[in-house]
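Since the structure comes first, as structure tokens, the remarks are kept for the end.
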Amino acid sequence: MNDQTRTTAPRISKGAQPSFFEQPATEALYGMFVVMLEELCVLRDRLDTYERLGEQGIAVTSAAVEAYEPDDSVEQAREQLRHGTINRAMRPVKALQEAAVKRAQSQYEQAARSIAEQEI
Amino acid sequence: MTGGREHPMLPATNHDEYAQTRFLLTFKNYIQNELDPLDKELVEKVVKPAYEQQAGRPAQASKDVRKLMEAEPFHQFWLSSLRHQQDLMWDNVADSVDRQLDELQEKFHRTETPLGNLRLNPDMEIPSYISAFDNHRMPGSYYTELADDDLRAGALFDGAAALYHVNRNGGTMNDARGWTMIDHIETRFPDLGAPRRVLDMGCCVGQSTLTYCEKWPDAEVYGIDIGAPLLRYAHARSERLGRAVHYSQQNAETTDFDDGFFDLVVSTAAIHETNRPATQRIFDECHRLLRPGGVMAHLEVPVRYADLGVWEQIRADWESQVNNEPYIAGMARLDLAAMAEKSGFRDVAAGYHWQVPGFIPGRSGFETEGGPNGTLKIGSWYMVSAVR
Ligand SMILES: C[S@@+](CC[C@H](N)C(=O)[O-])C[C@H]1O[C@@H](n2cnc3c(N)ncnc32)[C@H](O)[C@@H]1O
């Protein structure tokens with residue numbers, strides 16, 4: 001055995017654990033957010049499986065859920081739902097980008113205007 | 001072409017584990033298709049002009065704008081999204097693998113009538129470029145062993161590759177790198193013919209290695225890697241897929257094979273996990289291992305800083321610095337062809353080879369120029385190849 005320092009299967013990688021936000025707590029919170037988003041989407045797929053089993057008149061047991069195989073159209077419908085959920089969740093993040101681009105553009109327009117005025 | 005085939009060593013997913021993989025794929029695509037372009041726009045419209053105003057010259061490299069970008073809240077979310085989707089992927093696959101680890105270990109023990117073999121060396125030292133951090137943030141990396149005959153790292157790596165790179169790198173067999181390597185060899189070295197002995201350096205779980213067995217059924221195929229758990233898994237996997245591979249635990253910098261033993265020595269996506277002196281030593285070792293006229297070829301990530309725009313460099317920096325692949329940024333600036341010449345090789349070339357889904361006779365996918373307007377040449381691999 002090569003690594004004596006690890007006795008249980010490690011779940012955190014060795015190396016950089018960077019915080020990209022000003023506060024490390026924000027980094028941790030965003031990590032939690034991504035996990036919750038995943039849990040939500042997983043639950044939603046499970047609910048969808050329940051409904052589809054129901055439509056086929058199959059009793060919802062854990063064995064029936066495990067045996068269920070989504071076809072392509074089911075996969076597509078689920079993909080659309082997931083995309084929508086992620087997109088709604090990320091809207092405030094996209095808004096940050098939009099605001100930064102607008103701010104920069106108005107700064108340059110202003111600078112250009114004042115230069116133009118100087119030249120008159 | 002073995003594309004979408006499931007194989008009996010692959011960890012299975014239950015209903016919810018499968019749903020997790022679907023979420024992470026959607027999230028990953030969302031970052032790539034919808035957040036990446038916004039991040040690039042931030043570079044172009046906000047940060048580049050601000051840099052030019054401050055510095056009095058246009059920004060030319062990611063290091064110029066790094067500070068300014070890292071202060072942008074949107075970019076902070078972008079960096080963090082990439083990181084958390086990577087960490088969550090390993091965590092999800094680890095849950096799934098640990099749930100069925102006993103069964104997988106049992107399968108390894110029941111591997112019968114071996115076609116190939118497995119030779120481990122518990123005394124082999126793990127090179128520091130592997131032991132200092134966990135590559136691509138995979139907890140435990142390639143070599144951690146917690147029990148006798150541990151193959152967990154192999155199952156983790158194969159599970160992640162099969163589930164998450166499904167549509168990009170050749171289905172659950174994840175073998176597009178191997179087929180691209182073969183296409184490159186046939187394009188560049190038509191006279192080599194069918195090799196008698198092939199060595200795959202850094203073979204990992206044998207995803208690429210098996211393509212060489214399929215392409216050259218009469219060849220003896222060898223695979224080496226530093227990770228014992230990978231090799232155990234690779235062995236069990238290959239045997240179940242009916243392929244004969246001789247696996248051994250060795251550092252590619254110094255192997256125990258005889259001089260001139262091989263006609264072909266290759267690696268796929270392995271060199272970027274080493275470092276500069278090791279790369280030179282690996283090229284030297286390839287030279288020693290090849291018979292005169294034999295071929296060396298290494299396939300790598302298609303990242304060359306000189307060919308990339310500022311945002312594309314920022315993306316590559318993430319792989320390098322956050323995803324624990326620090327040598328990507330170093331290797332992507334090195335003249336690998338000159339290094340191969342230094343090791344004594346002739347007919348050296350370096351460039352991009354388009355990925356192929358399977359071998360297509362007569363196709364030439366080798367080009368030296370980078371992508372248009374500094375974009376990453378997605379769908380290609382960077383090759384350096386030469387003749388001994
Ligand atoms: C990302 S994996 C590539 C896997 C495989 N070649 C493929 O295409 O699927 C890189 C592999 O290179 C191995 N590696 C890195 N440095 C090595 C060295 N010096 N000698 C042997 N193997 C090495 C790692 O252990 C890891 O399994």
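Below, chain A is the first sequence line, B the second, and so on; all start at residue 1. Bear in mind the structure is a predicted one, so any value in this text is a computation, not a measurement.
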- Query: By a 4.5 Å heavy-atom criterion (distance strictly below it), what part of A:Gln17 contacts chain B: side chain, backbone, both, or neither?
  - Reply: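 Both backbone and side chain.
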
- Heavy-atom contact with chain B under 4.5 Å, split by part of A:Leu40: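 Interface part for A:Leu40: neither.
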
Residue [X] versus chain A: region with a heavy atom under 4.5 Å:
X	result
B:Asp98	side chain
B:Arg137	both
B:Asp95	both
B:Glu72	side chain
B:Phe27	both
B:Asn324	side chain
B:Leu88	side chain

- Task: Run the salt-bridge test on B:Arg22 and B:Glu17 with the 4.0 Å N-O cut-off and return the result as yes or no.
- Result: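 No, this pair does not count.
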
- Query: Based on non-hydrogen pairs under 4.5 Å, which of A:Glu75, A:Arg103, A:Arg44 is most in contact with chain B?
  - Reply: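 Option with the top pair count is A:Glu75.
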
- Query: Relative to chain B, which of A:Gly15, A:Ser19, A:Gly31 shows the most heavy atom pairs under 4.5 Å?
  - Reply: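 Going by pairs under 4.5 Å, I would pick A:Gly31.
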
- Query: Please walk me through it: do B:Asn323 and B:Glu319 pass side-chain hydrogen bond (donor to acceptor under 3.5 Å, both in side chains)?
  - Reply: CA-CA 5 Å; B:Asn323 211 21; B:Glu319 290 297 334; 3.0 Å; yes

- Query: Taking the six-membered ring for Trp, are B:Tyr142 and B:Phe157 parallel (under 30°), tilted (30 to 60°) or perpendicular (over 60°)?
  - Reply: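 It falls in the tilted class, 30° to 60°.
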
- Pick whichever of B:Met138, B:Gln53, B:Arg83 has the most heavy-atom pairs under 4.5 Å with chain A.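 Top count of heavy-atom pairs under 4.5 Å with chain A: B:Arg83.
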
Do the two ring centres, one from [X] and one from [Y], sit under 6.0 Å apart?
X	Y	value
B:Trp311	B:Trp318	no
B:His15	A:Tyr68	no
B:Tyr233	B:Phe108	no

- Query: In residues 42-51 of chain B, which residues are in contact with chain A at a heavy-atom separation under 4.5 Å?
  - Reply: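 Residues of residues 42-51 of chain B touching chain A at under 4.5 Å: B:Leu42, B:Lys45, B:Val46, B:Pro49, B:Ala50.
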
- Query: Excluding sequence neighbours, so at least two apart, what forms side chain to side chain contact (heavy atoms under 4.5 Å, CB included) with B:Pro73?
  - Reply: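 In terms of side chain to side chain contact (heavy atoms under 4.5 Å, CB included), with neighbours along the sequence ignored, B:Pro73 is linked to A:Leu96, B:Gln76.
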
- Any luck finding a side-chain donor-acceptor pair between B:Arg99 and B:Thr13 under 3.5 Å?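 The answer is no; no qualifying pair exists.
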
